[in-house]
Amino acid sequence: IWNKSLEQIEEKPLIPRNRIWASELGNSFVDRWLKMKGIPISNPINARSKRKFEAGNLMEWIVELVLRRAGILIDSQTWVKYQYKDLLPVTGKLDFYAGGLPDWSQAEKEIEALGLPEFFNKATHQIIAHLKSYGKELEKIIIEVKSCSSFMYERYEKYGLESSKNHVMQT
């Protein structure tokens, strides 16, 4: 039932456009051009890939939950646009805008109350400890959450890469 529900994600309608989505940067030019013209792709995303995308969305949701409970989430999913003169604009949604003055003890209580699985709980407490080291008030920054398949993670590790080219370009 869970898998079937993840496979039934509604596709966004394909509409011709004159802008580039930030998530398309670093990908195939021809694929981007076809999407921008509103031409349907010949090999649609399969069910397995849809489930992987949803796993990434779950990770993003957990990060949002932690930022919100820590009292440092300012905004999320805000539309942004950048355009060089005489070129197409690049648009997208930033994942999170966060920073400010957190209440660390309240954050730890709030996160403990979530009842996260142990590996998330451990990571969350380590994140709090790391953020505490910056001092009292955190700089306001944009946070992009990126995930990848285990296949890609192993590739990055093997070749000493930190992230994918298109993730860096999108960020």
State plainly whether one hydrophobic cluster holds both [X] and [Y], where clusters connect Ile, Leu, Val, Met, Phe, Trp and Tyr through side-chain heavy atoms under 4.5 angstrom apart.
X      : Y      : value
Leu14  : Phe53  : no
Met152 : Met59  : no
Ile127 : Leu73  : yes
Val168 : Leu25  : no
Leu65  : Phe119 : yes

Interatomic distance, [X] atom [atom1] to [Y] atom [atom2] [nearest 0.5 angstrom]:
X      : Y      : atom1 : atom2 : value
Ile128 : Ile72  : CD1   : CD1   : 8.5 Å
Glu108 : Asn121 : CD    : CG    : 10.0 Å
Glu112 : Leu114 : CD    : CG    : 9.0 Å
Leu34  : Lys37  : CG    : NZ    : 10.0 Å
Leu88  : Arg32  : CG    : CZ    : 9.0 Å
Leu94  : Trp79  : CG    : CH2   : 11.0 Å

Could you tell me whether a side-chain N or O of [X] sits under 3.5 Å from a main-chain N or O of [Y], the two making a donor and an acceptor?
X      : Y      : result
Ser49  : Ile45  : no
Glu154 : Phe151 : no
Asp75  : Tyr97  : no

Hey, mind stepping through Asp95 and Ile143 against side-chain contact (heavy atoms from CB on, under 4.5 Å) and telling me if it holds?
CA-CA 6 Å; Asp95 288 339; Ile143 299 172; 5.8 Å; no
With a 4.5 Å heavy-atom cut-off, do [X] and [Y] have their side chains touching?
X     : Y      : result
Phe96 : Val145 : yes
Val90 : Arg19  : no
Met36 : Ile20  : yes

List the residues meeting side-chain hydrogen bond (donor to acceptor under 3.5 Å, both in side chains) with Ser150, not counting sequence neighbours, and say none if there are none.
none
Could you list the residues that satisfy side-chain hydrogen bond (donor to acceptor under 3.5 Å, both in side chains) with Lys146, not counting sequence neighbours?
Glu144, Gln170
Intermediate values then yes/no, side-chain contact (heavy atoms from CB on, under 4.5 Å), Ser164 and Tyr156:
CA-CA 8 Å; Ser164 72; Tyr156 299 149; 2.8 Å; yes
Heavy-atom pair with the smallest gap, counting every atom of [X] and [Y]:
X      : Y      : value
Glu64  : Ser76  : OE2-OG, 3.7 Å
Ser147 : His167 : O-CE1, 3.3 Å
Pro89  : Lys81  : CB-CE, 3.6 Å

Surrounding CH2 of Trp61 (heavy atoms of other residues, nucleotides or ligands, distance under 6.0 Å), is the total greater than 12?
no
Assess whether side-chain contact (heavy atoms from CB on, under 4.5 Å) is satisfied between His130 and Lys132, documenting all intermediate values.
CA-CA 5 Å; His130 178 77; Lys132 277 184 187 179; over 6 Å; no
Trace of the side-chain contact (heavy atoms from CB on, under 4.5 Å) decision for Lys93 with Thr78
CA-CA 5 Å; Lys93 290 182 179 180; Thr78 304; over 6 Å; no
Residues Gln77 and Glu60: side-chain donor-acceptor under 3.5 angstrom
yes
Presence of salt bridge, Glu24 and Arg17, under 4.0 angstrom
yes
